[in-house]
Amino acid sequence: MAVKEFPAGTQLIQSEQNLTALHVIAKGSVCASYPGGTFYLKKGDVIGVCEIFFGSHFITYETDDATGIASYPCTAAQLSTLMQKSIDLANMIVSSLFRQFREIYDQYELMRFDCENIYHFLMDRYEEYKSFCVKHGITPRALPDMEDLAPLTLEEDVESWLDGYYEQLTTMVTGKSSKFHEPDFLAGVVLKTDQDIHRIFSICRVFYDYKAEIASLLMNENHLDFFDLYASLLYKIGANDTDSTTLSAKISTIMIQLEDLPSIDKEMYRHRVAEYRTKLETLGDGSEEEATTVDDVPDVEDSMNKILSYAEIDGEAATAFREAVKTFAKMTDKNASDDAARKLRMTITKQFYVIYEKAFLKSMKEPSAVPKVVKMFFNFGYIDEHLAGLENAAYLYKIVDKLPTDPKRKVYTAYEWFTAIYKGVKEPSRNEFDSDFPTFLREQKMSGNITAADEARMQNDSTEKVLFEIRNMFQTVNKITFGRVLSFCPIFSEHNVLKELDGTLVSADKVEEAFRKIRDIDFSAYYRDVIYTNPDLGIGKESVGVEVLPDIILMPNVGTRGIAWQEIEGRKRTTPARMMVSIFQMEDLTNILVRLTGDFRWEMCKRIQGARWNDISEASLTSEYFDYIQFYRKNRELSADAKDKIKLSMQKAKNSYKEMFIRDYEAWVLYEGAGSPRLNKVSRNIIFTYCPFSKEIRTRLMANPLYKETMSRYDIKLAQKIHHYDNVFQKLKNTGIPIPPELQRQRDYLNM
């Protein structure tokens, strides 16, 4: 067999590529890589022997130096025949297989050890961080994803005897005195071993994902990480404090861990470390800013009593609330999970919403006389200047009268939203049981909680409407957008401020820019089809798209999440969706709105399809995606590696088809739209069909074979639609009738 030469750095095979041959390394060496690990193949090793059973590769191979390769066309069905032709080649194949098994198994054991190690490293650092905070009288902060972090558990693992079994099998089959040369037997050994290797790879992928999760807690682009926790603490205590050297050493250990984690973005890591060192130099110069005092912002002094007095909360209720907040403020760990801490937060939460209701209704009667600290309470959940931190309180006081929202641009503060409902500009949102206000009243009447007369009176009662909104949507969504449901408390507290507030304040401009980025990729995201008719012009039924952007409501908290609460108002499909995010958003706003857009697309399709949303006989986004996930194991278009990824993704998505789609949609917009493939062939085709890229991106990606076939089908259908409208336009022109703007807009939309 002829040997083909390849220079160093040549990618020989990409993961998920079809396997049609085995490749023997005649000289040189090859790097074999997979998520979380690499190993090297040398002269005499066989590329593809670990994967031939599956008909596709799950390892990527690249030459490490100048390499010679001899290729033998072969599939699983042809393996025995190939081995029969040459016993030397057969022995080479089996020997290489066992060498590769040993490399992969050793890395599996190392990765298992690493996962246990890095979890304990993280938890130890968090306990040390809290101890440092307590020592210096600083409230420790909690990271958004810490609540979900747990030691690694495996649903499936390799058997404990597997290592010894293959050690003995290797000796039996490849030993000098081995009598096992029968081709069918050797082919069987290879194909059976491949299945075990793939199981080990599947578990290694779990290890890799787990380490990536830990890595993102150690350092991420949003600065919501352990590196920032320790660095910020060091900045606070100052470079001259006796603990500064110890803290610097702890930060160094975090950096050492990060350097060994393959999932960390190296450029981000270098930037963050440089940023940290620059800040340390500033601290060393003694140029720290002076702390804010009450004298700097006298108007926020005694804020809680001012708010309680305005809301006319007095007597035992006011005293109980003050005591609860006072106890909360004294807590060393405000995110503690013990019963006492949990009950305290629940007590504060319950009374908070009572105060909010009373204060809001009073403000509607005298809107020009609302004190600034009460506005801070409405818009930020602010209660106490010391709990908020005087510097934060001063900032909130400065911005509260000029918040960068704009109801005309569909971006509301919570207070602006409740005001719109009170004034009848907006109708209340559906509750968590998906009942709107009229339905809720009807249910209350049927349950005997209200009379028919009460129902009739309450239908148009602005107070009842806004109370329904506060008691249902607001109380649920405020907790969800905060992000850490178990440690939620609605009052503004300094320990939740993980970044500078001015950089995280959500504005109408930021929301519009985020939606512009999304629509530049998924141009049809917020278009809904409606029927246009004009019998006077001889136009029957034409389906035209109408773009309706969602209302964005900013919850009064410092949070990390968003939620798509409802896709339409009432039953009319051309009404805006309602999405909620925190007014101070710690995570990237664009990424959150991408996720909410995926959620909207799923729910809007379900709304349109009704009971047949998952019926594959009626093609739709939800029915095709549901069918794809339900039967992925039998799908011949998916490689073994792709099926393995789907299985793991379903575990992470807690077997939710909707959550799976949203994750794929995020990858579609954030990565595939930039020309970085992340999805498998089937998922990519479904999403492209129903969420096509804009014309500019389609043109750019047309040369990529991953998209070419799907795009060609899309272009044919698009050309047919455009041709239809061109015919309609020509008929109108021939009769001297001007083209209706609705049809012209649809023609322009098809060209996007």
Side-chain angles (χ1 to χ4, degrees), residues 410 515-516 518-551 566-578 597-598 600-625 665 668-669 685-699 702 710-752:
K410 306 169 82 67
F515 277 127
R516 183 195 63 76
I518 294 168
R519 290 150 65 219
D520 280 350
I521 299 169
D522 180 10
F523 70 94
S524 63
Y526 290 100
Y527 274 84
R528 296 102 183 269
D529 287 336
V530 297
I531 300 300
Y532 171 78
T533 61
N534 195 330
D536 294 338
L537 301 182
I539 298 172
K541 291 183 178 180
E542 292 289 346
S543 178
V544 298
V546 177
E547 187 175 42
V548 185
L549 294 177
D551 289 326
Q566 61 189 60
E567 66 282 0
I568 57 174
E569 297 175 7
R571 298 188 179 186
K572 193 175 180 182
R573 292 181 188 171
T574 53
T575 51
R578 293 180 183 179
T597 302
F600 167 79
R601 272 200 169 277
W602 182 270
E603 290 299 328
M604 195 65 193
C605 184
K606 283 185 69 176
R607 170 75 58 175
I608 293 168
Q609 296 300 116
R612 303 187 69 181
W613 69 271
N614 61 352
D615 183 352
I616 193 60
S617 67
E618 190 168 315
S620 70
L621 171 64
T622 51
S623 67
E624 290 198 37
Y625 195 87
Y665 181 83
W668 179 249
V669 174
N685 287 346
I686 293 171
I687 297 180
F688 186 91
T689 300
Y690 296 99
C691 313
F693 289 136
S694 62
K695 189 174 184 178
E696 179 187 348
I697 296 174
R698 295 199 306 271
T699 302
M702 180 59 81
T710 308
M711 284 189 183
S712 296
R713 288 199 301 268
Y714 175 82
D715 286 344
I716 292 169
K717 291 181 180 179
L718 182 63
Q720 291 170 347
K721 292 178 182 178
I722 291 174
H723 180 67
H724 166 73
Y725 276 97
D726 287 344
N727 287 339
V728 172
F729 287 7
Q730 190 59 50
K731 289 178 182 177
L732 292 172
K733 287 178 182 177
N734 290 342
T735 55
I737 298 173
I739 297 169
E742 292 85 355
L743 297 189
Q744 184 61 59
R745 281 196 294 268
Q746 179 67 7
R747 176 65 171 75
D748 296 339
Y749 161 66
L750 292 173
N751 264 328
M752 291 174 74

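When a residue number appears, it is its place in the shown sequence, counting from 1.
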CA sep, side-chain torsions, deciding dist, call: Glu624, Ile616, side-chain contact (heavy atoms from CB on, under 4.5 Å): CA-CA 6 Å; Glu624 290 198 37; Ile616 193 60; 3.9 Å; yes

Any [X] side-chain heavy atom under 4.5 Å of [Y] side chain:
| X | Y | result |
| --- | --- | --- |
| Val548 | Pro576 | yes |
| Glu547 | Arg519 | yes |
| Pro740 | Leu732 | yes |
| Phe523 | Glu696 | no |
| Pro550 | Phe600 | no |
| Tyr532 | Gln746 | no |
| Ile737 | Lys731 | no |
| Ile539 | Leu743 | yes |

Minimum-distance pair of heavy atoms, taken over all atoms of [X] and [Y]:
| X | Y | answer |
| --- | --- | --- |
| Thr710 | Phe688 | CG2-CD2, 3.3 Å |
| Asn751 | Lys695 | O-CD, 3.4 Å |
| Lys733 | Ile739 | CE-CD1, 3.9 Å |
| Tyr725 | Ser543 | OH-O, 3.0 Å |
| Lys410 | Leu549 | CE-O, 2.6 Å |

Asn614/Thr622 under side-chain contact (heavy atoms from CB on, under 4.5 Å): CA gap, chis, key distance, verdict: CA-CA 6 Å; Asn614 61 352; Thr622 51; over 6 Å; no

Ring geometry between Tyr625 and Trp602 (parallel below 30°, tilted from 30 to 60°, perpendicular above 60°): perpendicular

Side chains of [X] and [Y]: is there a donor and an acceptor less than 3.5 Å apart?
| X | Y | result |
| --- | --- | --- |
| Glu618 | Gln609 | yes |
| Asn734 | Gln730 | yes |
| Arg528 | Thr575 | no |
| Ser620 | Arg612 | no |

CZ (Arg516) with more than 12 external heavy atoms under 6.0 Å: yes

Rounded distance (nearest 0.5 Å) linking atom [atom1] of [X] with atom [atom2] of [Y]:
| X | Y | atom1 | atom2 | answer |
| --- | --- | --- | --- | --- |
| Leu621 | Ile687 | CG | CD1 | 7.5 Å |
| Arg607 | Arg571 | CZ | CZ | 8.5 Å |
| Leu718 | Met752 | CG | CE | 12.0 Å |
| Tyr749 | Gln744 | OH | CD | 15.5 Å |
| Met711 | Asp715 | CE | CG | 8.0 Å |
| Asp615 | Ser623 | CG | OG | 7.0 Å |

Working for side-chain contact (heavy atoms from CB on, under 4.5 Å), residues Ser524 and Arg601: CA-CA 10 Å; Ser524 63; Arg601 272 200 169 277; 2.8 Å; yes

Exam field: side chain Trp668 to backbone Asp522, donor-acceptor pair closer than 3.5 Å: no

Backbone N/O of Gln566 and side chain of Arg578: donor-acceptor pair under 3.5 Å: no

Test side-chain contact (heavy atoms from CB on, under 4.5 Å) applied to Val546 and Glu742, step by step: CA-CA 9 Å; Val546 177; Glu742 292 85 355; over 6 Å; no

Contacts of type ring-ring contact (aromatic ring centres under 6.0 Å, His included), residue Tyr690, not counting sequence neighbours: none

Lys/Arg N to Asp/Glu carboxylate O, Arg573 vs Asp529, below 4.0 Å: no

